[in-house]
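A quick write-up on the structure given underneath.
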Number of protein chains: 2
Amino acid sequence: MAGTKTPKGYDPRKFPPFAVTVDIVVLTIEDGALKVVLVERGVEPHKGDLALPGGFVKADESLEEAAARELSEETGVEAASYLEQFGAYGNPKRDPRMRVVTVAFLAILREVGPIAADSDAAEAMLLPVKDVLGRRPKYSLAFDHERILTDGVERARHTLETTSLATAFVEPEFTMSDLRGVYEAVWGARLDPANFRRQVLARDFVRPTAKRALSGPEGGKPAEKFRAGKTRELRSPIARPRKGGDR
Amino acid sequence: MAGTKTPKGYDPRKFPPFAVTVDIVVLTIEDGALKVVLVERGVEPHKGDLALPGGFVKADESLEEAAARELSEETGVEAASYLEQFGAYGNPKRDPRMRVVTVAFLAILREVGPIAADSDAAEAMLLPVKDVLGRRPKYSLAFDHERILTDGVERARHTLETTSLATAFVEPEFTMSDLRGVYEAVWGARLDPANFRRQVLARDFVRPTAKRALSGPEGGKPAEKFRAGKTRELRSPIARPRKGGDR
DNA sequence: GGAATAGTGTCTCTGAGACAGTATAGT
DNA sequence: ACTATACTGTCTCAGAGACACTATTCC
């Protein structure tokens with residue numbers, strides 16, 4: 001209770017002005033690997049480096065609207081199948097030029113990224129998360145985006161355990177194999193097909209269809225197709241294996 | 001990829017200025033009930049209403065530093081036993097006067113709140129969460145603080161399941177009864193003392209002490225005292241009961 | 001002794017995981 | 001036929017929950 005306490009009234013002359021941005025960790029699965037959308041910076045600072053897509057929040061839009069807009073502008077995707085905020089980053093030195101607070105979002109796209117098709121490949125690209133965050137990364141990110149990406153991926157891993165998020169990665173109709181592939185890619189672990197199927201069915205977040213998939217190039221019995229139920233919290237988590245991870 | 005895309009370069013003349021604040025959901029347990037620190041607003045808008053403690057982030061401090069400073073200034077608490085960010089709120093209309101983005105923090109205090117003792121009681125008070133968020137609330141909060149409080153309490157409930165957060169609510173030396181009381185207050189559910197003890201010991205996040213507590217006013221065998229280990233993620237969650245909640 | 005809390009023992013039930021066995025496709 | 005995937009059955013083990021029982025205090 002010092003006498004210097006900031007008054008609750010918002011006097012425009014008493015607060016320091018901030019820039020507020022959104023940055024988006026856009027994840028998808030391609031060829032069985034978890035990949036992230038990155039853009040190449042065209043201006044200083046960090047010109048030429050890779051960064052997460054994002055930009056300034058406009059004066060009259062909400063944070064979620066800004067994230068959806070930037071996602072659409074930078075990747076050509078009209079609507080992600082999932083969009084969730086996961087944190088704010090505001091260290092005074094994170095941008096060398098001025099004070100910027102960024103709000104980070106996690107977005108999920110269905111398989112077969114439309115990035116290469118819809119946008120300028122020189123600006124937006126899809127890279128394996130492993131090549132960015134691994135022990136010997138092939139790329140480095142601008143600002144504190146490596147930290148943001150790390151947190152976003154960890155959030156995705158955790159949300160996969162406790163909700164039916166996995167359905168956001170796959171097509172509207174999918175097989176158990178497809179769905180299992182999501183967990184295997186995001187967790188970097190192998191799952192037993194038989195036990196996985198039982199766990200998913202027990203949690204009742206997919207609805208069966210009459211259809212069956214065509215057999216894959218490797219042969220095998222055609223798999224049943226399922227549809228997603230509403231994305232929701234699971235009654236009990238699907239356990240992420242504690243061993244065998246190759247992240 | 002419209003031609004109107006915001007450039008990544010941060011031109012001070014091109015971004016709308018925001019005010020950035022922190023708001024803190026300060027939780028503690030008193031008389032077996034989960035309580036939250038609220039302050040009475042002295043100025044418009046919402047003058048006289050209750051609000052979460054918080055204030056402007058200064059030009060040269062991080063968000064975490066701002067949260068710790070505001071907590072100290074408004075409640076007299078030098079250091080919370082836990083402080084974690086859990087979200088940003090930035091709807092354009094959340095403050096009628098100007099564009100404000102607030103970053104929300106969850107703080108935990110040990111039992112016996114020092115609020116009444118250390119600070120002006122007319123400004124800061126400790127109220128049961130149930131009286132603010134229940135079906136027939138006795139108090140209403142300014143701005144979108146009810147939403148922020150709801151989210152903060154839910155975050156606390158969830159973090160209690162998956163980490164050793166509970167030890168942040170109790171004194172450095174505590175009994176199993178104390179610790180169980182934390183879960184019961186935060187979850188609003190009764191737990192079996194025998195099974196609870198085994199679950200905590202199995203997860204190995206408390207260290208035994210040679211000491212025993214004095215027997216309570218109701219009599220009973222003196223309980224063993226424990227100390228907290230490092231706050232950390234649990235190998236497997238302590239399950240929150242799905243039924244019997246009275247929230 | 002009676003009441004109350006602390007702590008141990010033990011039984012049951014559910015569910016995860018391992019893995020064998022069956023079904024149906026491509027080659 | 002062989003192989004690969006899909007799916008079912010079954011066994012084992014660990015842990016959650018219910019609850020009886022013992023231990024130690026205050027009254």
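So that the names make sense, note that chain A is the first sequence line, chain B the second, and so on, each numbered from 1.
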All salt bridge (charged side-chain N to carboxylate O under 4.0 Å, His left out) counterparts of [X], not counting sequence neighbours:
| X | result |
| --- | --- |
| B/Arg227 | B/Glu173 |
| A/Lys221 | none |
| B/Lys138 | B/Asp131 |
| A/Arg232 | none |

Exercise. Which residues, if any, of residues 160-168 of chain A bring a heavy atom under 4.0 Å of DNA chain D?
Worked result: none
Exercise. For residues 172-184 of chain A, which residues have at least one heavy atom under 4.0 Å from DNA chain D?
Worked result: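 A/Ser177, A/Arg180 - these, ordered by number, are the residues of the stretch whose heavy atoms sit under 4.0 Å from the strand.
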Any N/O pairs under 3.5 Å between the protein and nucleotides 13-17 of chain D? List them or say none.
from: D/dA16; atom 1: OP1; to: B/Arg203; atom 2: NH2; distance (Å): 2.5
from: D/dG17; atom 1: OP2; to: B/Gln199; atom 2: NE2; distance (Å): 3.2
from: D/dG17; atom 1: N7; to: B/Asn195; atom 2: OD1; distance (Å): 3.4

For this session: Under the ring-ring contact (aromatic ring centres under 6.0 Å, His included) rule, collect the residues that match up with B/Tyr183, sequence neighbours excluded.
Result: B/Trp187, B/Phe196
Below 3.5 Å between N/O atoms, which protein atoms pair up with nucleotides 23-27 of chain D? Just atom names and distances, please.
from: D/dT24; atom 1: O2; to: B/Lys221; atom 2: N; distance (Å): 3.4
from: D/dT25; atom 1: O2; to: B/Gly220; atom 2: N; distance (Å): 3.0

Side chain to side chain contact (heavy atoms under 4.5 Å, CB included) partners for [X], two or more places apart:
| X | value |
| --- | --- |
| A/Ser62 | A/Glu64, A/Glu65, B/Asn91, B/Pro92 |
| B/Arg147 | B/Tyr89, B/Asp151 |
| B/Arg198 | B/Ala194, B/Asn195 |

Exercise. What nucleic acid atoms does B/Ala223 come within less than 4.0 Å of, heavy atoms only: base, sugar-phosphate, or nothing?
Worked result: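 Sugar-phosphate contact only - B/Ala223 comes under 4.0 Å of backbone atoms but never of a base.
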